[in-house]
Amino acid sequence: MQCGFRPPGMVLTAEALLKRNPAPTRADIVSAISSNLCRCTGYGQIVEAIELAARRLAGSNMERKP
């Protein structure tokens, strides 16, 4: 079971990263979340989720362009 204390910080960090850099590299993502210490996960799924969010946001932005 996840603790629930750190996920809000991860979500806010990911949002801020994707606003600044809509196509971050894996290294960019790891660097961005490195200040959020979490004892519950290995960070792998968090990095993958941010990569997925970036791809989905890029796809949704492309669909909206005329």
Side-chain angles (χ1 to χ4, degrees):
M1 179 179 280
Q2 300 297 317
C3 68
F5 291 107
R6 290 159 195 90
M10 290 289 187
V11 170
L12 292 173
T13 300
E15 180 186 26
L17 170 64
L18 294 175
K19 281 184 178 180
R20 280 192 326 271
N21 180 0
T25 65
R26 191 170 186 87
D28 294 334
I29 295 169
V30 170
S31 177
I33 66 169
S34 67
S35 62
N36 291 310
L37 302 178
C38 182
R39 298 175 298 186
C40 301
T41 71
Y43 296 94
Q45 290 179 328
I46 296 167
V47 172
E48 290 171 9
I50 296 170
E51 289 174 328
L52 176 60
R55 286 193 305 271
R56 286 188 176 175
L57 287 170
S60 69
N61 289 340
M62 289 172 50
E63 291 172 11
R64 291 182 187 168
K65 291 181 181 177

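None of these values were measured; they are calculated from a predicted model. Just so it is clear, the values below take in all heavy atoms, side chains as well, and ignore hydrogens, waters and symmetry mates. We count residues from 1, following the sequence as given.
- With sequence neighbours left out, Glu51 forms a side chain to side chain donor-acceptor pair (under 3.5 Å) with Arg26.
- For the atom pair CG (Leu57) and CD (Glu15), the distance works out to 10.0 Å, reported to the nearest 0.5 Å.
- Atom OG1 of Thr13 is separated from atom CD1 of Ile29 by 12.0 Å, given to the nearest 0.5 angstrom.
- By the side chain to side chain donor-acceptor pair (under 3.5 Å) test, Asn21 pairs with Asp28, sequence neighbours left out.
- Transitive grouping of hydrophobic side chains (ILVMFWY, heavy atoms separated by less than 4.5 Å) keeps Leu52 and Met10 in distinct clusters.
- Residues Leu17 and Leu12 are members of separate hydrophobic clusters, defined by side-chain heavy-atom contacts under 4.5 angstrom among Ile, Leu, Val, Met, Phe, Trp and Tyr.
- Across all their heavy atoms, Tyr43 and Ile33 have their closest contact at CD2-CD1, 3.8 Å.
- Under the 4.5 Å side-chain heavy-atom criterion for grouping Ile, Leu, Val, Met, Phe, Trp and Tyr, Leu18 is not connected to Val11 through any hydrophobic cluster.
- Within the 4.5 Å cutoff, the side chain of Ile46 has no heavy atoms near those of the Asn36 side chain.
- Residues Pro22 and Ala54 share a closest heavy-atom pair of O-CB, 3.8 Å.
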